[in-house]
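The model shown is predicted, which means the values in this text are computed figures rather than measured ones.
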Amino acid sequence: MSLTSATPHDSISPVLRAMQVGQHVLFVLLVALGTARAAQSVSPWAWAVGAALLVWYGFGVVLARRRMTRLAAVIWLGALVVGWLAAMLMSADYSWVAFAIFLLCMHLLPTRTAIATTAGLTGVVITAQILSIDSNRVAQVAGPIFGAAVAVGFGLAYRQLLAERAELARAQHAAGVLAERERLSRDIHDTLAQGLSSIVLLARAGQAREEAGSRTLHQIEATAQENLEEARRVVRALAPAELEAMPLVEALQRAALNLEQQTGIIAAVLTDGDPIVLDQSVEVTLLRVAQSALANARQHAEAQRIAVTLTYDASEVSLDVVDNGIGFDCENLPSSDSGYGLRAMRDRLTQLGGILEIESSPGGGTALAARIPLTSEATRPDR
């Protein structure tokens, strides 16, 4: 609707931008119309007055694009009003410009001040027309009042649009913060929490088997160091350390080997299909799901064997983790997990359009399958 210093020029919506352009065009046309009429009926000097008004207005537009402060905008508007009043002393033909100035007041001034200023300027227009033009008095009074009312209505609508846009921006920001918190909570659960659980289990094993204490302490140190490095990467929102140094398959093999060395559970990693280079977000998700599944099996399944299978298909990539443990009732999750690990897996997969399937029964082991469709976003031509 008008030039603005309150809203960054590069962030306004197309509707608001169109309203601002319309304000500029309206001001130029009204000044040109008033100047042409004044030059014919009063003095050729009206052209200089009109040009001065346009130059000052253009100066304000340039300042607004450079993020003009609210105080500077009010000072600029005051000078514009003074220039317009001077033009009104020359000719009442400049009354037309008042409508554009009303819009500027509604945008740059506080609501009550803007309405009061608009009312005062409307009185000036009515007085100037009555004193200088001998015509229909009703039109001379009603016309400016109607124009001022329309300008106030437009101004209030514009403010409402800005308020709604600001509210939408706050809502989007809040949603982004919430999503980031959920992402960080999943990363912390899948890395730090699981790593610390491993440290606790290793420490207990060391206490029970003093003869293996030195080896167990070494494993504790290595696990703690890995999780310290992972914590730093989580904070910086970077890729997992495993995927920075090795492909996904090798990262899975390393996770399985660590589990086998620390617990004695036989863990194997298999691949099926022709491997393709996946997007990093897909690799991170599959690795985190595998790590969480292995940690759950370690803590709850009492399994002797675990098989991790990464399958590349024409339409999807899938990760299956199967153990021969005690299993559980899918309707009643283990109380120690409270379903958070499984929920975090599902949340990760859902973000990529994937799904999580779980099959288990008491005494029958557990099979977990994570599936992600292969889209153009899920693959990349090179690493």
Student: Less than 4.5 Å apart, side chain to side chain, heavy atoms only: is that true for W84 and L80?
Tutor: no
Student: Do the rings of F154 and F99 sit parallel, tilted or perpendicular, given the 30° and 60° boundaries?
Tutor: perpendicular
Student: Is the distance from the ring center of H107 to that of Y158 below 6.0 Å?
Tutor: yes
Student: Can you find a heavy atom in the side chain of L104 that is under 4.5 Å from one in the side chain of Y57?
Tutor: yes
Student: Find the distance between OG1 (T350) and CG (L356) and round it off to the nearest 0.5 Å.
Tutor: 8.5 Å
Student: Do Q129 and V125 come close enough that some side-chain heavy atom pair is under 4.5 Å?
Tutor: yes
Student: How many angstroms lie between CD in E302 and CG in D323, if you round to the nearest 0.5 Å?
Tutor: 11.0 Å
Student: Look up atom CD1 in I265 and atom CG in L294, then write down how far apart they are to the nearest 0.5 Å.
Tutor: 9.0 Å
Student: Has S360 got a side-chain atom pairing as donor or acceptor with G365's backbone, closer than 3.5 angstrom?
Tutor: yes
Student: Minimum heavy-atom separation for A38 and Y94, please, with both atom names.
Tutor: CB-CE1, 3.9 Å
Student: Hey, any chance L287 and V322 share a hydrophobic cluster, counting ILVMFWY side chains that come within less than 4.5 Å of each other, even indirectly?
Tutor: no
Student: Using the rule that two of Ile, Leu, Val, Met, Phe, Trp, Tyr join whenever any of their side-chain heavy atoms come within less than 4.5 Å, decide whether L30 and V82 are in one cluster.
Tutor: no
Student: Before you tell me yes or no, could you show the steps for V269 and L310 under side-chain contact (heavy atoms from CB on, under 4.5 Å), namely the whole-Å CA-CA distance, both residues' side-chain angles and the distance that decides it to 0.1 Å?
Tutor: CA-CA 8 Å; V269 176; L310 181 63; 5.8 Å; no
Student: M106 and A151: which non-hydrogen atoms are nearest, and at how many Å?
Tutor: CG-O, 3.8 Å
Student: So, do L89 and L85 sit near enough that their side-chain heavy atoms are less than 4.5 Å apart?
Tutor: no
Student: Do you know which two heavy atoms are closest between Y312 and D274, and how far apart they sit?
Tutor: CB-O, 3.4 Å
Student: Please answer: with hydrophobic residues joined when any side-chain heavy atoms are less than 4.5 Å apart, are V124 and F146 in the same cluster?
Tutor: yes
Student: Stepwise, does the side-chain contact (heavy atoms from CB on, under 4.5 Å) test hold for I358 with M345?
Tutor: CA-CA 11 Å; I358 302 174; M345 294 183 204; over 6 Å; no
Student: If you define the side chain from C-beta out and look only at heavy atoms, does anything of L252 sit under 4.5 Å from L286?
Tutor: no
Student: Is it the case that one hydrophobic cluster holds both V31 and L33, taking links as side-chain heavy atoms less than 4.5 Å apart, direct or via other members?
Tutor: yes
Student: Among side-chain atoms of Q40 and R37, is any donor-acceptor pair under 3.5 angstrom?
Tutor: no
Student: Evaluate V249 against Q253 for side-chain contact (heavy atoms from CB on, under 4.5 Å), listing each step before the verdict.
Tutor: CA-CA 6 Å; V249 174; Q253 291 172 340; 3.8 Å; yes
Student: Side chain of W96, backbone of A32: donor and acceptor closer than 3.5 Å?
Tutor: no
Student: Do R371 side-chain atoms and L349 backbone N/O form a donor-acceptor pair below 3.5 Å?
Tutor: no
Student: Measuring from I372:CD1 to L319:CG, what's the distance to the nearest 0.5 Å?
Tutor: 8.5 Å
Student: Should we say atom CD of E359 is surrounded by more than 12 heavy atoms from elsewhere, each under 6.0 Å from it?
Tutor: no
Student: Under 4.5 Å between any side-chain heavy atoms of L54 and T35, yes or no?
Tutor: no
Student: Can you get from F59 to L108 by hopping between Ile, Leu, Val, Met, Phe, Trp and Tyr side chains that sit under 4.5 Å apart?
Tutor: yes
Student: Atom CZ of R346 and atom CD of Q351: how far apart are they, to the nearest 0.5 Å?
Tutor: 15.0 Å
Student: Would you confirm whether T122, through its side chain, and T118, through its main-chain N or O, come within 3.5 Å as a donor-acceptor pair?
Tutor: yes
Student: To the nearest 0.5 Å, what is the distance between CD1 (I126) and OG (S95)?
Tutor: 10.0 Å
Student: Apply side-chain contact (heavy atoms from CB on, under 4.5 Å) to the pair L270 and D320, showing each step before the final yes or no.
Tutor: CA-CA 10 Å; L270 308 172; D320 296 274; over 6 Å; no
Student: Taking the side chain as every heavy atom from C-beta outward, state whether D279 and L352 have any pair of such atoms under 4.5 Å apart.
Tutor: no
Student: Indicate yes or no: at least one non-hydrogen side-chain atom of V81 is less than 4.5 angstrom from one of T117.
Tutor: no
Student: Mind listing the closest non-hydrogen atom pair of A100 and F27 along with its distance?
Tutor: CB-CD1, 3.7 Å
Student: Where is the tightest heavy-atom contact between V289 and A370, given as atom of each residue plus distance?
Tutor: CG1-CB, 4.0 Å
Student: Looking only at heavy atoms, what is the nearest atom pair of R348 and T285, with distance?
Tutor: CB-CG2, 3.9 Å
